[in-house]
There are 2 protein chains.
Amino acid sequence: MTASITDVARAVGVSASTVSRALRGRPGVSDEVREQIAAAAASLGYTASRSASSLASGRTLTIGVVAPFVGRWFFGTVLDAAENEFGAAGYDVLLYNLGSPEARKRFFTKMPVRKRVDAVLSLLVHDEDEADALRSLRVPLATFWTAPRPGFTVVGIDDRAAAQSAVRHLVNLGHRRIGMIGGTSGPLHWTTPVERRQGYLDVLADAGIPHDPALETDGGYTVEGGERAMTELLAAPRPPTAVFAQSDEMAMGALRALRLHRLKAPDDMSVIGLDGHELAEVLGLTTIAQPVAGQGTEAARLLLRQLEEPDAASPGHVQVPTRLILRDTTAPPQPRGPQ
Amino acid sequence: MTASITDVARAVGVSASTVSRALRGRPGVSDEVREQIAAAAASLGYTASRSASSLASGRTLTIGVVAPFVGRWFFGTVLDAAENEFGAAGYDVLLYNLGSPEARKRFFTKMPVRKRVDAVLSLLVHDEDEADALRSLRVPLATFWTAPRPGFTVVGIDDRAAAQSAVRHLVNLGHRRIGMIGGTSGPLHWTTPVERRQGYLDVLADAGIPHDPALETDGGYTVEGGERAMTELLAAPRPPTAVFAQSDEMAMGALRALRLHRLKAPDDMSVIGLDGHELAEVLGLTTIAQPVAGQGTEAARLLLRQLEEPDAASPGHVQVPTRLILRDTTAPPQPRGPQ
DNA sequence: TTTGGTTGCGCAAGCGTTTGCGTTCATATT
DNA sequence: AATATGAACGCAAACGCTTGCGCAACCAAA
């Protein structure tokens, strides 16, 4: 088998406790012995068994990350950034990919992270039952894109303000008929769609533009949904001259719909997204960018801080800034647009 | 603290060993007692400590997955699929995101997976030193997109054949000046760029088209690189009428370059990619699709099989099929193309 | 009734660490 | 010279499980 702590202890001629202390930089070991131990450990290829050490110490040096659809750019990017932060701090990451309802159910009934992680970072939006299950772990918790929650550190953007910036941009360009492609929040505590809609309504009201419910469509926060939604808007009696898509992926779908109708952005229709998707640049999509990786980093740091100073008050709720990125899909309305 | 196995043993009035056997479905426990134990465990919210059980049993029920850039669609998707497979089989996933050289070095010097995982799945391409380090773990190993390797199960596509299909498609459309945007394999054993280039050369030779080195450019397998490469091709004395990009991301960059030059695909230039990127559809990019998620699933399954039947011979090398997806960026050459 | 085989369970050792406490020994203090 | 002090280290008890073995109790076969 692989070398154990007693093997290196024997090699140096000291006790296992001394090896343990030496390797973890604890005091009580002379520099001379410390060096011998380090050398012996290296030559034996010794690595402490995480199982044994966490059993003995109670700390696992592991963070649980639960996420839906790791393959999607958005979640993958957050995960990527968070992992880097945890890894650099010496923590390992246990990943639970809970895209499917079965996986999610399995996770919350078996709770495989119990006694296995020192903290949990969740990219999911939880109902109260799930939140309670997580709280029962009694470890620091962090999550995203939701209203403040007891027991959780939550990070996100100011969705309402971000949407306002997007729509204001369209208004400033001179648009008066502005459509929206949004989504529903479902039964969960996912506040994003409602907040972004509110931002849209805010700006319309501010600009004295009457709200036309026919211009609000549901894109389900997917590319295909965005395509369907734009198709729907184009079929309206009086189509909009500009569209605010609540996410870049829906905006991409919308652009695709335009192409299929032989229309062009921004000549025939302005489109603005929200997210700052990496491929928005390729498409030349104007968007409100949120620091996606930045949010992963931020949440990870907050969690790490709580692990270092367990008594410090949890930060509760932090919001990161967004910014408008001007590209090629928005312009003043054309005298003769579609229809 | 949280409940331990002795707590539930005491609650039922049996020994800890019986609880252990009952909960893991081992024989030697009557149905009656088994049910009582299950009930007690549920009511106490008991979950076995993974640290303790793996220390005692030697099995960790954990798979190590090492990957670069989890945020990129390609790797994220493979990871996503693999995690689902592992999760369904009852294994947890320890993720190591080794995008940066520092993270990579840290990983291979500290080897945090030693004694911590039952197998490792790597999305990285390793040099021999790294491969040896992994082999020293003495667990089943799997990796991707490289030549067969002792000790590893490797899954991938037939890169050469896939490239052939792509270029053949362009030839069949009537193109004779066909550019390529490729990449270098670097010092590693990443065979993809050379294989795909070989496929390109194969078809040219087959069609009796002389090979013009000026039409081969390096796009570094990134969007920006693809953009630069296409710009370079457009500036050539005699630009190509069609371009084969070795990856979809480079093809997207190429399309962007075309747009910036006020050129259009396929009218002014045909472009074909390779990968089957999720957003290739949005862009209408013709491509050779490889089953990205499928490869993650496949590798995970092969690994799981090795864990179940340790003595079965490892499958060595498996190749999954690719297919041409016709979309809107390829067409016969126009009588008056660019130049 | 004895024998042999099963079934259901408990005992206790062991997995590889960490850590509180005790011991030794050298050095500093009176 | 006697004593206190601290550094360096070893001992042994956890940590919470798994598992080989032993021991009753039971049933079937002889």
Side-chain angles (χ1 to χ4, degrees), chain A residues 1-38 40-41 44-62 90 92 110-118, chain B residues 1-38 40-41 44-62 90 92 110-118:
Chain A
M1 279 303 282
T2 65
S4 87
I5 199 174
T6 57
D7 294 329
V8 6
R10 200 173 320 134
V12 181
V14 296
S15 73
S17 6
T18 300
V19 174
S20 173
R21 282 187 272 256
L23 258 23
R24 289 177 307 131
R26 287 294 156 86
V29 183
S30 68
D31 289 350
E32 188 192 340
V33 172
R34 200 180 286 272
E35 279 172 26
Q36 290 180 41
I37 290 176
L44 290 174
Y46 169 74
T47 305
S49 155
R50 256 327 209 294
S51 309
S53 67
S54 55
L55 181 57
S57 71
R59 275 171 300 101
T60 65
L61 287 182
T62 301
D92 289 341
K110 303 199 63 174
M111 272 286 148
V113 289
R114 174 156 288 147
K115 302 177 194 170
R116 253 206 121 175
V117 298
D118 293 340
Chain B
M1 278 301 284
T2 64
S4 86
I5 198 173
T6 55
D7 293 329
V8 6
R10 202 174 316 135
V12 182
V14 296
S15 72
S17 6
T18 301
V19 174
S20 173
R21 282 186 273 256
L23 258 21
R24 289 177 308 131
R26 287 293 155 87
V29 183
S30 68
D31 289 350
E32 188 192 340
V33 172
R34 200 179 289 270
E35 279 172 25
Q36 292 180 42
I37 289 176
L44 290 173
Y46 169 74
T47 305
S49 154
R50 246 345 200 286
S51 308
S53 67
S54 55
L55 180 58
S57 70
R59 275 171 298 102
T60 64
L61 287 182
T62 301
D92 288 342
K110 303 199 61 174
M111 271 285 147
V113 289
R114 174 154 288 146
K115 304 177 191 168
R116 255 206 119 176
V117 299
D118 292 340

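By convention in this document, chain letters (A, B, ...) are assigned in the order of the sequence lines, proteins followed by strands, and residues within each chain are numbered from 1.
- Applying the salt bridge (Lys or Arg N to Asp or Glu O under 4.0 Å) rule to pairs touching residues 9-21 of chain A yields Asp7(A)-Arg10(A), sequence neighbours excluded.
- Residues Thr47(A) and Lys110(B) have side chains not in contact (no heavy-atom distance under 4.5 Å, counting atoms from C-beta outward).
- Listed by chain and number, the residues in a salt bridge (Lys or Arg N to Asp or Glu O under 4.0 Å) with Arg116(A) are Asp92(B) (sequence neighbours excluded).
- Look at CD1 on Ile5(A): it is 5 Å from P on dT17(C), rounded to the nearest Å.
- Here Ala41(A) pairs with Leu23(A), Tyr46(A) under the side chain to side chain contact (heavy atoms under 4.5 Å, CB included) rule; sequence neighbours left out.
- Contacts between residues 22-38 of chain B and DNA chain D, defined by a heavy-atom separation under 4.0 Å, are made by Arg24(B), Arg26(B).
- DNA chain C is contacted by Ser17(A) of residues 12-19 of chain A, taking any non-hydrogen atom closer than 4.0 Å.
- The side chain of Ala56(B) has dC17(D) as its nearest neighbour among dT17(C), dC17(D), dT18(C).
- Ser49(A) meets the side-chain hydrogen bond (donor to acceptor under 3.5 Å, both in side chains) test with no other residue; sequence neighbours excluded.
- Under the rule for a side-chain hydrogen bond (donor to acceptor under 3.5 Å, both in side chains), the partners of Thr18(A) that lie at least two apart in sequence or sit in another chain are Ser15(A).
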Protein N or O to nucleotides 21-24 of chain C N or O, pairs below 3.5 Å:
none

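- Per the geometry, CG belonging to Leu55(B) stands 12 Å off P belonging to dT18(C), to the nearest Å.
- The side-chain hydrogen bond (donor to acceptor under 3.5 Å, both in side chains) contacts involving residues 23-34 of chain B comprise Ser20(B)-Arg24(B), where partners must be two or more places apart or lie in separate chains.
- Comparing the axis of the opening five pairs of the helix from dT1(C)-dA30(D) to dT30(C)-dA1(D) with that of the closing five pairs yields an angle of 40°, rounded to 10°.
- Residue Arg59(B) is classed as a sugar-phosphate contact, given heavy-atom separations below 4.0 Å to backbone atoms only.
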